[in-house]
Structure formats: C-alpha cells, structure tokens
S.K.: 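If you scroll down you'll find the structure; I have some questions about it.
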Protein chains: 2
Amino acid sequence: MSAPLTRRQQAVYEFLVTHREEFPHPPSLDELAAAMGLSSRGSLHKHVRALVQAALVEPMEQRRRGIRLTAREQAGLPLLGRIAAGRPIEAIPDARAVEVPDFLRGRGRCYVLDVRGDSMRDEGILDGDLVVIEARSHARNGEIVVALIDGAEATLKRIEQRPGEVILHPANPAFEPLRLRPEQVAVQGVVTGLMRACR
Amino acid sequence: MSAPLTRRQQAVYEFLVTHREEFPHPPSLDELAAAMGLSSRGSLHKHVRALVQAALVEPMEQRRRGIRLTAREQAGLPLLGRIAAGRPIEAIPDARAVEVPDFLRGRGRCYVLDVRGDSMRDEGILDGDLVVIEARSHARNGEIVVALIDGAEATLKRIEQRPGEVILHPANPAFEPLRLRPEQVAVQGVVTGLMRACR
DNA sequence: CATCACCGAGAACGAATGGAGAACGGGAGG
DNA sequence: CCTCCCGTTCTCCATTCGTTCTCGGTGATG
C-alpha cells in the first residue's frame with residue numbers, strides 16, 4: 001500500500017462505512033461534506049482522493065455517480081472475535097469477512113461474532129454459531145445483547161432493564177440470571193441474526 | 001460491465017422495481033415520466049436507454065408499453081415452502097429467493113425451507129428459522145434430514161440408519177423417536193445451514 | 001522562530017448530467 | 001388518408017458536481 005491514512009482521512013472513511021446504509025444513493029461530494037459538517041467541497045475532495053489512492057474508494061473520474069466504497073468492503077461483515085460467557089471478547093487476529101445476507105443485518109454498523117459455550121442454548125444459539133451484531137449502546141428489553149460487565153467480561157444474554165437494575169438472562173437452566181447495577185453493564189450491540197453451518 | 005449508473009438512472013431503476021406491482025401493464029414512457037414527475041418523454045428515454053445498456057431493462061425495439069425489467073439473475077436460493085413435523089411440505093406459492101451465504105450451502109442443488117414447530121428445538125432449530133437444504137437422496141448417520149415418510153408427511157429429523165430400520169430422532173423431549181422400515185423413509189435433502197433473523 | 005504536515009474555506013473551471021421540447025416514423029384505428 | 005399514440009432521436013439550456021487552485025490557520029518539531 002501507499003502512505004497511511006491521516007486522522008481526517010480515516011474519519012471520512014469510517015463515516016462512509018458506518019453511514020453507507022443511510023444514503024439511498026452514493027453521496028455526492030457536497031452531500032457528504034454537509035453530512036460531515038464541512039462547508040468546502042474542495043477540502044473533502046482532497047481526502048477522498050487519498051482514499052481512492054488507498055484503494056478504499058472507487059475512483060470516479062469525472063463521473064457523477066457519487067462516492068462509493070470499493071467492492072471488497074461491500075461483500076461481508078468483519079468477524080471480530082469469539083464471545084464466550086464470562087470472558088472478554090477474544091479478538092481474532094486476522095479479522096476475515098463473513099458473507100451476511102441483508103435480512104440478517106441491522107440498520108447501523110454490524111459485525112459478526114463466533115459464539116462459544118452453551119449459555120444461550122435454549123434460545124437456539126449453540127456453540128460455534130455465528131451471530132450478527134448491530135453495534136449500538138442501547139437495547140430494548142427482551143433483545144439479546146452483547147454486554148460488557150464491569151468493563152471486563154463480555155457475554156451474550158437477553159436483557160431486562162429495570163429501574164436501578166439490569167438483569168441478564170441466560171437461556172440455559174444450568175446458568176443463573178445476572179442481576180447487576182446499570183453502571184456495571186455496557187451494551188455493545190444487539191443480535192440481529194444468526195447463522196450456522198451444519199457439517 | 002459498462003459504465004455504472006448515474007444517480008438519476010439509479011432512481012429510475014428503483015422506481016421501476018418498487019412500483020412494478022402497481023402497473024397492470026408495463027408502463028409507457030409517458031406514464032412513467034408522469035409518475036416520476038417528468039414532463040419530457042425524451043429525457044426519460046435517455047435514462048431508460050442507459051438501463052437497457054446496463055442489462056437491467058429489456059430492450060424494447062419500437063414496441064409499445066415496453067418498459068420491462070430483465071429477469072433478475074437471482075443470487076439467492078428459492079424458498080420452497082414451510083416444513084412442519086408431521087405434514088407435507090407446504091409449498092409457498094410465489095417462491096421468492098433468499099440470499100444465502102456460500103458457506104451455508106451444500107455441494108449440490110440447494111433450497112431453503114421455513115421451519116414450523118419446535119420439534120428440533122434442542123438442536124437449536126426454532127420455529128421460524130430458515131434452513132438451507134442440499135437436495136440429495138442419501139444421508140450419513142447423524143445428519144439432519146428432510147425425510148418424506150410413507151410418501152406423505154415431511155419432517156425434519158436427525159437420521160440414524162440401521163440394518164433393516166431407520167430411526168428419526170427429534171430434538172425435543174416432548175416428541176418420540178420414529179422407528180421406521182427403510183422403505184418408508186425417503187430422504188429428500190440434508191440441512192447444510194441455518195439462518196435466523198432476530199427481530 | 002522556521003518549517004512542515006494537515007486541515008478547512010472558498011473561487012473558478014469545465015465536463016457531465018438532467019430536463020424541456022421539437023420533430024420523425026411507424027403502427028393502430030377510424 | 002388522417003389522427004392518435006408512442007418509441008426514438010435530436011438540439012438547446014441550466015444546473016450540478018468533480019476537479020484544481022490559492023490562501024489562511026493550527027499544531028508538532030527542531
């Protein structure tokens with residue numbers, strides 16, 4: 001590759017990735033600039049040019065069809081790691097992409113986790129399943145969430161939020177529900193889909 | 001591939017896709033222009049020509065009312081029907097396509113079924129899940145199969161083939177294993193993958 | 001302080017785009 | 001034959017938008 005991205009170039013790229021769903025069409029320079037709070041098309045164009053250079057964005061030679069990410073990024077969602085009840089998410093070194101059908105994806109930024117353990121067995125989530133996670137920090141009661149407990153352990157549980165208390169329900173009689181104070185629990189995302197390859 | 005679509009061409013195409021049901025017949029250029037708020041047939045025709053070029057719309061050589069979408073190449077697999085233990089597969093009239101990642105597909109011809117009922121609950125297959133089936137007539141022991149019993153009822157079960165006997169194991173204590181003679185059981189396919197959208 | 005990388009505003013240019021409308025031609029129906 | 005409908009092609013025009021420029025500001029570094 002060529003030169004590494006500067007901070008702002010990175011920001012533009014991340015904006016494109018996370019907001020790709022929100023643009024009905026690929027945005028023009030003006031639209032993107034407005035969305036990012038810039039008022040100069042020219043400035044933004046400089047960043048986009050760098051992204052084109054880095055092969056992250058399709059070059060648009062004088063064409064007016066908007067700013068598109070290169071095809072590679074469209075294909076799949078990143079497999080970020082393994083999640084096992086009671087341990088931090090174990091990152092997978094080379095985060096390969098996993099093909100995920102649209103109807104399993106959430107609205108916002110999504111990623112995929114590999115489930116370890118049987119704590120959600122009764123919800124039909126088994127060891128080795130891939131869950132699709134929509135990254136958000138709030139959940140509705142009854143959703144299955146990736147929760148970070150005390151900033152250390154990550155777990156997959158059905159959430160119930162009450163005044164002054166958060167209950168994380170496993171789906172396996174062998175495990176107990178966790179009753180926690182709200183400040184102990186940080187929601188990292190909610191499950192929007194599940195995939196299992198049967199061998 | 002030719003040049004990618006411009007924004008307006010994209011919009012015309014999307015309009016055609018989303019409103020295809022609303023036109024009893026393929027629309028004329030005038031109708032389509034009016035529906036999209038254009039007052040010039042010629043302008044619209046330019047866009048349509050681009051879509052023909054992109055093989056998204058059938059070319060209409062001088063024919064009237066001729067704007068029709070090309071038969072989409074479906075990347076997905078057909079959703080053939082619902083399967084509920086103890087009944088024939090209930091075919092879905094308009095077999096829509098379901099997007100299925102490669103790693104959930106088997107080697108041969110595949111299709112998708114919508115699971116009804118909880119007879120495989122303990123295998124993590126719940127009511128409403130979509131299972132990917134590889135069509136074949138033989139299974140290995142331990143695979144989850146679509147089995148046709150006595151030529152009438154279809155069911156999803158884990159198969160165990162013994163000399164002179166076939167046992168179909170449900171995965172729910174509320175159901176009993178079925179012990180059948182081999183000639184009663186016709187394997188129609190085996191489960192190669194599973195998908196669930198969590199709402 | 002001098003230098004440099006980075007960032008943003010804004011002006012200016014020119015090509016691509018999108019729309020209006022006129023005109024041609026062919027088929028259908030009177 | 002005339003008339004309508006409709007696909008097609010054409011020209012003309014305004015606007016949009018990608019591109020390139022200059023200029024000023026900021027922060028890090030020597």
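A note on names: the letters A, B, ... follow the listed sequences, proteins ahead of strands, and every chain is numbered from 1. Predicted, not measured: the structure shown is a model, and the values here were computed from it.
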S.K.: Distance check needed: D:dT9 C1' versus B:M60 CE, whole Å only.
M.R.: 13 Å
S.K.: Sugar-phosphate means primed atoms, P, OP1 and OP2; the rest is base. With that split, encode nucleotides 19-30 of chain C 5' to 3' as B, S or - using protein heavy atoms under 4.0 Å.
M.R.: BBB-B--BB---
S.K.: Starting at atom CG of A:L44, determine the distance to atom C1' of D:dT20, rounded to an integer number of angstrom.
M.R.: 15 Å
S.K.: Nearest whole angstrom, please: distance from the P of D:dG18 to the CG of A:L29.
M.R.: 4 Å
S.K.: Starting at atom CZ of A:R63, determine the distance to atom P of C:dG18, rounded to an integer number of angstrom.
M.R.: 11 Å
S.K.: Measure the angle between the two terminal helix axes of the helix from C:dC1-D:dG30 to C:dG30-D:dC1, five base pairs each, and quote it to 10°.
M.R.: 10°
S.K.: If I take atom CZ from residue A:R68 and atom NE2 from residue A:H25, how far apart are they, to the nearest 0.5 angstrom?
M.R.: 11.0 Å
S.K.: For the atom pair CD (A:E123) and CG (A:L194), what is the distance rounded to the nearest 0.5 Å?
M.R.: 11.0 Å
S.K.: Answer with yes or no whether the hydrophobic clustering places B:V132 together with A:L104; edges join I, L, V, M, F, W, Y residues whose side-chain heavy atoms lie under 4.5 Å apart.
M.R.: yes
S.K.: Pair B:E143, B:R136 - check salt bridge (charged side-chain N to carboxylate O under 4.0 Å, His left out), show working.
M.R.: CA-CA 12 Å; B:E143 286 182 319; B:R136 39 182 163 99; 3.4 Å; yes
S.K.: Could you tell me if the side chain of B:L51 sits less than 4.5 Å from the side chain of B:L5, heavy atoms only?
M.R.: yes
S.K.: In whole Å, what is the span from the CD atom of A:E31 to the P atom of D:dT15?
M.R.: 18 Å
S.K.: Around atom NE2 of B:H19, are there more than 12 heavy atoms from other residues, nucleotides or ligands closer than 6.0 Å?
M.R.: yes
S.K.: To the nearest 0.5 Å, how far apart are OG1 in B:T6 and NZ in B:K46?
M.R.: 10.0 Å
S.K.: What is the separation between atom CG on B:D30 and atom C1' on D:dC4, rounded to the nearest whole Å?
M.R.: 12 Å
S.K.: Please confirm whether the shortest side-chain N or O distance from A:H45 to OP1 or OP2 of D:dG18 is below 4.0 Å.
M.R.: no
S.K.: Just do the side-chain contact (heavy atoms from CB on, under 4.5 Å) check on A:M195 and A:V98 with the steps written out, would you?
M.R.: CA-CA 10 Å; A:M195 298 186 290; A:V98 178; 3.9 Å; yes
S.K.: Answer yes or no: is there an ion pair linking B:E61 with B:R63, defined by an N-O contact shorter than 4.0 Å?
M.R.: yes
S.K.: Would you mind reading off the distance between B:E61 atom CD and D:dC6 atom C1', rounded to a whole angstrom?
M.R.: 15 Å
S.K.: How many whole angstroms separate atom CD of A:Q9 from atom P of C:dC7?
M.R.: 6 Å
S.K.: Below 4.0 angstrom from OP1 or OP2 of D:dG7, is there any side-chain N or O of B:R49?
M.R.: no
